[in-house]
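Every chain is numbered from 1 and lettered A, B, ... according to where its sequence line falls, protein lines coming before strand lines.
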Number of protein chains: 2
Amino acid sequence: MDSQLIVANIRRHVPLTPEEEAFLKAILIPITYRQGEIVQPAGEIGPGMIHVNSGCLMTYYTDRDGDEKVIQFATAGWWTGDLHSLSTQEPSIFATRALADSEVYLLPDVRMNELLERYPVFERYFRITFQNSLVTHQRRLIQAYSFTAEERYDSFQQKYPHLEQFVPLKYVASYLGITPEFLSKIRRKRTTH
Amino acid sequence: MDSQLIVANIRRHVPLTPEEEAFLKAILIPITYRQGEIVQPAGEIGPGMIHVNSGCLMTYYTDRDGDEKVIQFATAGWWTGDLHSLSTQEPSIFATRALADSEVYLLPDVRMNELLERYPVFERYFRITFQNSLVTHQRRLIQAYSFTAEERYDSFQQKYPHLEQFVPLKYVASYLGITPEFLSKIRRKRTTH
DNA sequence: GAAGGCGCTTGAACCAGGTTAAGAAATGGG
DNA sequence: CCCATTTCTTAACCTGGTTCAAGCGCCTTC
């Protein structure tokens, strides 16, 4: 597996010395998953941050009725991981699963702390990353409250142009906060003009 | 105005040397607002991060229909500020208003960048702060999609036990993503057993 | 102290989206 | 290749929440 993507992504936000880059590469653990495999089960303490190199992961949780509610999709270049579990060391309520064959790098919790302590440039990098992610989450919250399901579907299609082709629609519906049946209605309206 | 609270809040997450503390204090600008005053209008570039020392602010935006949609309330000890406007230097779509007489510290954008460059401990502090805020936002997103309005109202009352007494109910309704009329109905059901 | 103006409530009609159930289409494993 | 399971769609009906319109209490302000 090739660590070009992750290093390039980091360099888009902060400069890295050869030493910093080498240290990062040394602690990253490459893992591959087949479509459908569980990357991280619910109920365990999150092992660390995961960077998607190729493929697609989804993070979800199982609600009171046993339905799987999708929190986010992570495609190439994205970070995922249960931040709450990582900072409190409590078991995660989220699970993560590969929706396609995927290559990821795991940045184990303990190693990440080492990385942050030794090289503050990574504090900066993650500060910026979390800041950006916060903006995205704020926007989704606004959409959840003031857009209709159909508008959210539009915006999903724009944000993830390829996902709809290989992600089961029931997960897309879940991500949008609607039932698969209602997504079906929206899609029919689209195709029949 | 007294900077004990903000320093204590930062110290809960990272250690500060006297020098770091002094520099921070030197660049913070204390401002007070009367109830109802605009802290930050929409359409301007965000001036920086705002830390609430006392009182209460609300951040909202005005949607297509001219309705004010509340994004968040910020009480003593909270940071607020338009992260998107700050990082892109685009005009903010959010406005912030004081819901009660309030004392805040403004950390101006340029000064914040200086602070982060000189003292990486603040990169760490904000990394942790944004990380925690991300967890909160994730949770609200889950609530928006899988809780009923009534459950969201419960959780609002737990999170902000005092707010309901002095915040106009129409803003509470907006924060919950419902109309004032429907909040009224929920409340009636509560009081009449 | 009358006249607004604003925030809150009420009720009735209405709609976006959910529920249930059943069939059609796709997927996958032996 | 075929059967079993899962996923997707359709349709009829249901409900949480909205919209609209009116009334009420409580500040202002003249």
Is A/Arg188 close enough to D/dA11 that one of its side-chain N or O atoms is under 4.0 Å from OP1 or OP2 there? yes
What nucleotide, of C/dC8, C/dG18, C/dG28, holds the atom closest to the side chain of B/Leu169? C/dC8
Could you tell me how far apart A/Glu151 (CD) and C/dG17 (C1') are, to the nearest whole angstrom? 14 Å
Does A/Phe126 reach the side chain of B/Phe130, with side-chain heavy atoms less than 4.5 Å apart? no
Spacing of A/Ile178 atom CD1 relative to C/dT19 atom P, expressed in whole Å: 12 Å
Once you apply a heavy-atom cut-off of 4.0 Å, does B/Glu150 come out as touching a base, just sugar-phosphate, or nothing? nothing
For B/Ser184 and C/dC8, is the shortest distance between a side-chain N/O and OP1 or OP2 below 4.0 Å? no
Base, sugar-phosphate, or nothing for B/Pro180, non-hydrogen atoms under 4.0 angstrom? nothing
What is the distance, to the nearest angstrom, from the CZ atom on A/Arg190 to the P atom on D/dT10? 15 Å
Provide, to the nearest angstrom, the distance between the NZ atom belonging to B/Lys189 and the C1' atom belonging to D/dG17. 12 Å
Counting only side-chain heavy atoms from C-beta out, which of D/dT19, C/dC8, D/dA11 sits nearest to A/Glu181? D/dA11
Lys/Arg-Asp/Glu bridge criterion (N-O < 4.0 Å) met for B/Arg97, B/Glu68: yes
Taking NZ, NE, NH1 and NH2 as the nitrogens, is one of them in B/Asp154 or B/Lys159 under 4.0 Å from a carboxylate oxygen of the other? no
What does A/Gly36 touch in the nucleic acid at a heavy-atom separation under 4.0 angstrom: a base, only the sugar-phosphate, or nothing? nothing
Do the side chains of A/Glu150 and A/Arg187 get close enough for a salt bridge, i.e. N-O under 4.0 angstrom? no
For A/Glu164 and D/dC8, what is the distance between atoms CD and P respectively, to the nearest whole Å? 10 Å
Would you kindly give the CG-to-P distance between A/Leu183 and D/dC8, to the nearest whole Å? 9 Å
Can you tell me how far C1' of C/dT19 sits from CG of A/Asp67, to the nearest Å? 12 Å
With respect to the phosphate group of D/dG16, does any side-chain polar atom (N or O) of B/Thr148 fall under 4.0 Å of OP1 or OP2? no
For a quick check, tell me whether the side chain of B/Lys185 and the base of D/dG16 share a donor-acceptor pair closer than 3.5 Å. no
Measuring to OP1 and OP2 of C/dC8, would you say a side-chain N or O of B/Arg187 lies under 4.0 angstrom away? no
Expressed in angstrom and rounded to an integer, what is the separation of A/Tyr145 atom OH from D/dT18 atom P? 11 Å
For D/dG16 and B/Arg152 - does any side-chain N or O of the residue sit under 4.0 Å from the phosphate oxygens OP1/OP2? no
Do you know the tightest heavy-atom contact between B/Gln40 and B/Pro47? CD-CD, 3.3 Å
Selected nucleotide, minimal atom distance to B/Phe182 side chain, candidates D/dC8, D/dT18, C/dT9: D/dT18
